[in-house]
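See structure below.
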Amino acid sequence: MNQEAYRRILGQIPSDVQLVAVSKTKPESEVLAAYQLGQRHFGENWAQELKTKHEHLPKDICWHFIGHLQTNKIKYIIPYVHLIHSIDSFRLLQEVNRQAAIHQRTVGCLLQFHIATEDTKFGFSMEECQQMLESQEFQLLQNVEIQGVMGMASLTDDIQQVHQEFRTLHEYFDALKQNYFSENQNFKEISMGMSHDYPIAIEEGSTMIRVGSAIFGERDYSKR
Ligand SMILES: *Cc1c(COP(=O)(O)O)cnc(C)c1O
């Protein structure tokens, strides 16, 4: 890992913004190196990889799941996952709830929104999300706790566009808070910002940034 970059990022971000170090594809030794500098929140996007790392690494690590989650992989992460950032359908949320009930826990979840112009990114639209939140079936879920929202901005050099997309996510958060979660103190997270755009995300009110390559270097997916 790049210790200097890690310290620089930590020094730059406000103390109430959580840094999630995205360690996907990186060896356990890299996670440990960051752990030894005090980092406890790590993000992964592949359930099997997360399972193996969880088994081998210190148990006080808070593991965040940030990738597209297939329903048949939920079982690998439910017993210990700290926060799932990537709930993008009601079906997925129901399945997380079902598995969480089996393990007698309540699992924190963020609702992922589609804010980018690229249509390759997963996520709810506001309309789909409201439909879910207003449904009776949603009220029945006892083993998930919705703690906020997550989104990814377009990959573009147009800084104003990135600002606008993050601002949109913040507005979604405010609207959901007001209409559905005003009584829920734990609905407070806006997970936005990655290596190339986290300063913009913080300006737009991010509470949680997910930074990988700026800390651990470029990823080589062929090694997975
Ligand atoms: C990989 C990934 C990140 C981290 O990306 P970097 O550009 O390496 O910082 C953040 N969020 C999600 C959802 C990711 O999949």
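What you see is a predicted model, and the numbers here were worked out from it, not measured in a lab. Ligands are counted one by one from 1 in listed order, and the atoms in each one are counted from 1 as well. This chain uses plain numbering: 1 for the first residue, then up along the sequence.
Note on ring orientation: taking the six-membered ring where Trp is involved, the planes of Y80 and H54 are parallel (angle under 30°, cut-offs 30° and 60°). Between F124 and F113, the two ring planes are tilted [angle within 30° to 60°].
To the nearest 0.5 Å, atom CE of residue M152 and atom OG of residue S86 are 8.5 Å apart. Atom CD1 of residue I146 and atom CG of residue L141 lie 8.0 Å apart, to the nearest 0.5 angstrom.
Around atom 9 (O) of ligand 1, the closest heavy atom drawn from S191, G67, S195 belongs to S195. Considering each of T25, I66, N45, V20, the one bringing a non-hydrogen atom nearest atom 13 (C) of ligand 1 is I66.
The local environment of CD in E55 is crowded, with over 12 non-hydrogen atoms from other residues, nucleotides or ligands closer than 6.0 Å. For NZ of K51, the number of neighbouring non-hydrogen atoms (other residues, nucleotides, ligands) closer than 6.0 Å is 12 at most.
Here the protein heavy atom with the shortest distance to atom 7 (O) of ligand 1 is S213 OG, 3.6 Å. With respect to atom 11 (N) of ligand 1, the closest heavy atom belonging to the protein is R210 NE, 2.8 Å. With hydrogens left out, the protein atom closest to atom 2 (C) of ligand 1 is K24 NZ, 2.5 Å, a heavy atom. The shortest contact between atom 5 (O) of ligand 1 and any protein heavy atom is with M194 CE, 3.4 Å.
Using 4.0 Å as the threshold, H85 has no heavy atom nearer than that to any atom of ligand 1.
Note: an N/O pair closer than 3.5 Å links G212 and ligand 1 by distance alone.
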Let me check something: any side-chain donor-acceptor pairs from residues 200-207 under 3.5 Å, sequence neighbours excluded? List them with distances.
from	atom 1	to	atom 2	distance (Å)
E204	OE1	R167	NE	3.3
E204	OE2	H163	ND1	2.6
E204	OE2	R167	NH2	3.1
S206	OG	I190	O	3.4
S206	OG	M192	O	2.8
S206	OG	M208	N	3.2
S206	OG	M208	O	3.0
T207	OG1	E189	OE1	2.6
T207	OG1	I190	N	2.8
T207	OG1	I190	O	3.4

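In summary, the atoms of ligand 1 found under 4.0 Å from a heavy atom of V211, numbered by their order in the structure, are 9 (O).
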